[in-house]
Number of protein chains: 2
Amino acid sequence: MHETRSTWRDLQKQQTRQIILEAAKELFETLGYGKTTIRAVAKYAGVGVGTVMSHFKDKASLLSAALMGDWERLIEEVAATTPVDANYRTQLLHAAKIFFEYYARRPSLSRNLLKEAMFSLEVQGPELTAMDQAAREIGVRTLRSAQQRGEIRPDVDCEVMHLALFGEYCFVCTVGLSQPEPDPDQMLAMLESLTDLIARGASPESPGTK
Amino acid sequence: MHETRSTWRDLQKQQTRQIILEAAKELFETLGYGKTTIRAVAKYAGVGVGTVMSHFKDKASLLSAALMGDWERLIEEVAATTPVDANYRTQLLHAAKIFFEYYARRPSLSRNLLKEAMFSLEVQGPELTAMDQAAREIGVRTLRSAQQRGEIRPDVDCEVMHLALFGEYCFVCTVGLSQPEPDPDQMLAMLESLTDLIARGASPESPGTK
DNA sequence: TTCGTTGCATGAACATGTTCAATATACGGA
DNA sequence: TCCGTATATTGAACATGTTCATGCAACGAA
């Protein structure tokens with residue numbers, strides 16, 4: 001991913017970075033994002049305040065870096081557990097469900113990360129861009145397959161449809177995470193009804209049915 | 001809207017509130033949200049720092065209060081300029097256009113207000129709830145009328161459909177406002193394509209006609 | 001009018017994210 | 001081996017949102 005000149009100093013640097021990251025994860029999880037101070041992270045990691053800031057642009061970057069591992073694990077889980085022989089609606093909602101459940105497990109962290117992710121002003125961090133890319137790839141690929149299977153009309157642009165579905169997903173996330181205790185089932189139900197509205201327009205069947 | 005016991009002291013209080021609000025609007029507009037400090041607002045208004053904080057819960061509340069007037073003006077503009085004899089798609093996109101243009105005029109303020117609005121954790125301010133309500137009322141009303149006119153199939157739930165459209169609107173807002181210079185035309189084009197995807201599913205015509 | 005109460009106004013103090021000049025030390029060439 | 005350079009590390013200093021004890025002026029009852 002990133003070339004590391006295997007010099008003694010660089011190893012040292014990567015190690016302190018890891019130490020900081022571990023400390024941050026621990027404190028974020030225990031105290032939540034708001035109550036975790038940079039100073040506390042530094043002290044817990046046994047480094048200076050400035051060291052933390054030299055490794056991570058700001059507190060938000062520290063958060064996204066700390067959650068990077070979780071994120072990758074979720075992507076893997078989605079890839080591993082998605083029912084291959086189900087229709088695209090089921091597949092996408094399954095992926096959403098996995099993420100909703102994670103959000104419910106870490107409301108504070110998810111909330112703040114999403115807040116940052118949505119308004120990645122200026123140069124958006126590489127992590128968030130990666131998140132966006134991953135979602136796009138999964139979404140568009142799933143839709144294309146479904147289209148080839150005839151579940152979606154050929155004249156539908158899968159890129160646009162993914163954008164529409166992803167938009168509803170983000171919307172459900174913001175609404176759901178606005179509550180003190182996000183309810184993944186409720187969020188999923190909401191996403192289902194919104195998804196169906198879009199899916200119906202893309203369906204090859206006559207809309208009169210159902 | 002709010003009963004004021006007409007005592008001398010309360011008038012005084014309302015007046016200082018107004019002065020602070022004017023100062024905030026001026027500075028927010030000139031410097032942008034990030035570069036405007038509470039201290040600067042206080043000094044510009046000729047009051048103490050604590051006075052500002054006693055009138056507004058935090059900086060974000062000050063922003064939403066300062067933009068309240070603009071917001072109401074936009075709502076009025078929407079009500080006054082919406083083409084009554086157009087279909088619901090045109091009507092809703094017209095409303096969106098007015099807001100997009102405003103966002104483009106005040107990128108910094110809009111961005112930060114939206115950021116707050118989307119994640120109204122804890123007790124969300126009355127302003128933001130009002131915004132949400134207004135959008136819902138306009139949206140649902142418009143859709144219901146269209147449904148009665150036969151533009152939307154009778155079995156579609158207008159509440160859900162509004163949620164879907166509003167979700168796409170919010171999504172376009174976040175994507176558009178993430179850019180340094182939001183382009184209202186581009187945002188509108190994006191919203192149009194997403195809206196059409198939903199509208200097609202709700203249309204009484206056969207989807208084959210495109 | 002007088003006096004105790006109420007509540008707005010105030011700025012110093014606090015909490016915390018962020019910056020920066022100084023320091024130490026690994027690095028690579030002479 | 002020795003030295004100049006680059007850079008990781010550091011914590012004090014800074015910027016700024018937020019809190020709080022205090023003062024003071026308006027209020028209303030006696």
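Naming: A, B, ... by sequence-line order, numbering from 1 per chain. Predicted model only: the values in this text are computed from it and were never measured.
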Run the side-chain donor-acceptor check on residues 166-175 of chain B: report pairs under 3.5 Å with partners two or more places apart or on a different chain.
unit_1	atom_1	unit_2	atom_2	d
B:Tyr169	OH	B:Tyr103	OH	2.8
B:Thr174	OG1	B:Phe171	O	2.7

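- Residues meeting the ring-ring contact (aromatic ring centres under 6.0 Å, His included) test with A:Tyr33, sequence neighbours left out: A:Phe28.
- In the region residues 15-22 of chain B, proximity to DNA chain C at under 4.0 angstrom, judged on heavy atoms, holds for B:Thr16.
- Among residues two or more places apart in sequence or in another chain, the salt bridge (charged side-chain N to carboxylate O under 4.0 Å, His left out) test is passed with A:Arg73 by A:Asp70.
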Check: residues 35-51 of chain B side-chain donor-acceptor pairs under 3.5 Å, at least two apart:
unit_1	atom_1	unit_2	atom_2	d
B:Thr36	OG1	B:Leu27	O	3.3
B:Thr36	OG1	B:Gly32	O	2.6
B:Thr37	OG1	B:Ala40	N	2.9

Please output the side-chain donor-acceptor pairs of residues 91-99 of chain B that fall under 3.5 Å, not counting sequence neighbours, one pair per line with the distance.
unit_1	atom_1	unit_2	atom_2	d
B:Gln91	NE2	B:Pro83	O	3.0
B:Gln91	NE2	B:Val84	O	3.3
B:His94	NE2	B:Thr81	O	3.3
B:His94	NE2	B:Thr81	OG1	2.7
B:Lys97	NZ	B:Glu101	OE2	3.3

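- The CZ-P distance, from A:Phe56 to D:dA8, rounds to 14 Å in whole Å.
- With sequence neighbours excluded, no residue satisfies side chain to side chain donor-acceptor pair (under 3.5 Å) with A:Ser108.
- Every residue two or more places apart in sequence or in another chain was checked for a side chain to side chain donor-acceptor pair (under 3.5 Å) with B:Thr82, and none qualifies.
- Residues from residues 28-47 of chain B with heavy atoms under 4.0 angstrom of DNA chain C, sorted by number: B:Arg39, B:Val47.
- Side chains of A:Thr7 and A:Asp10: no donor on one and acceptor on the other come within 3.5 Å.
- Contacts of A:Asp58 classified as side-chain contact (heavy atoms from CB on, under 4.5 Å), with partners at least two apart in sequence or in another chain: A:Ala60, A:Ser61.
- If you measure from atom CG of A:Leu63 to atom P of C:dT16, you get 17 Å, rounded to the nearest angstrom.
- Atom NZ in A:Lys57 sits about 8 Å away from atom P in C:dT18, given to the nearest Å.
- With rounding to whole Å, A:Met53 atom CE is found 17 Å from D:dA12 atom P.
- We find that CG of B:Asp58 is positioned 16 Å from C1' of C:dT16, with the value rounded to whole Å.
- Enclosure of atom CD in A:Gln133 by more than 12 non-hydrogen atoms of other residues, nucleotides or ligands within 6.0 angstrom is indicated.
- Taking side-chain N and O atoms only, A:Thr51 has no distance below 4.0 Å to OP1 or OP2 of D:dA8.
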Exercise. With the sugar-phosphate defined as primed atoms, P, OP1 and OP2, and the base as all remaining atoms, what B/S/- string results for nucleotides 25-30 of chain D, 5' to 3', for protein heavy atoms under 4.0 Å?
Worked result: BBS---
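- Under the side-chain contact (heavy atoms from CB on, under 4.5 Å) criterion, A:Gln12 pairs with A:Trp8, A:Gln15, sequence neighbours left out.
- Remark: C1' of C:dG7 and CD of B:Gln12 are 14 Å apart, rounded to the nearest angstrom.
- Distances shown here put a side-chain N or O of B:His55 below 4.0 Å from the OP1 or OP2 atom of C:dA9.
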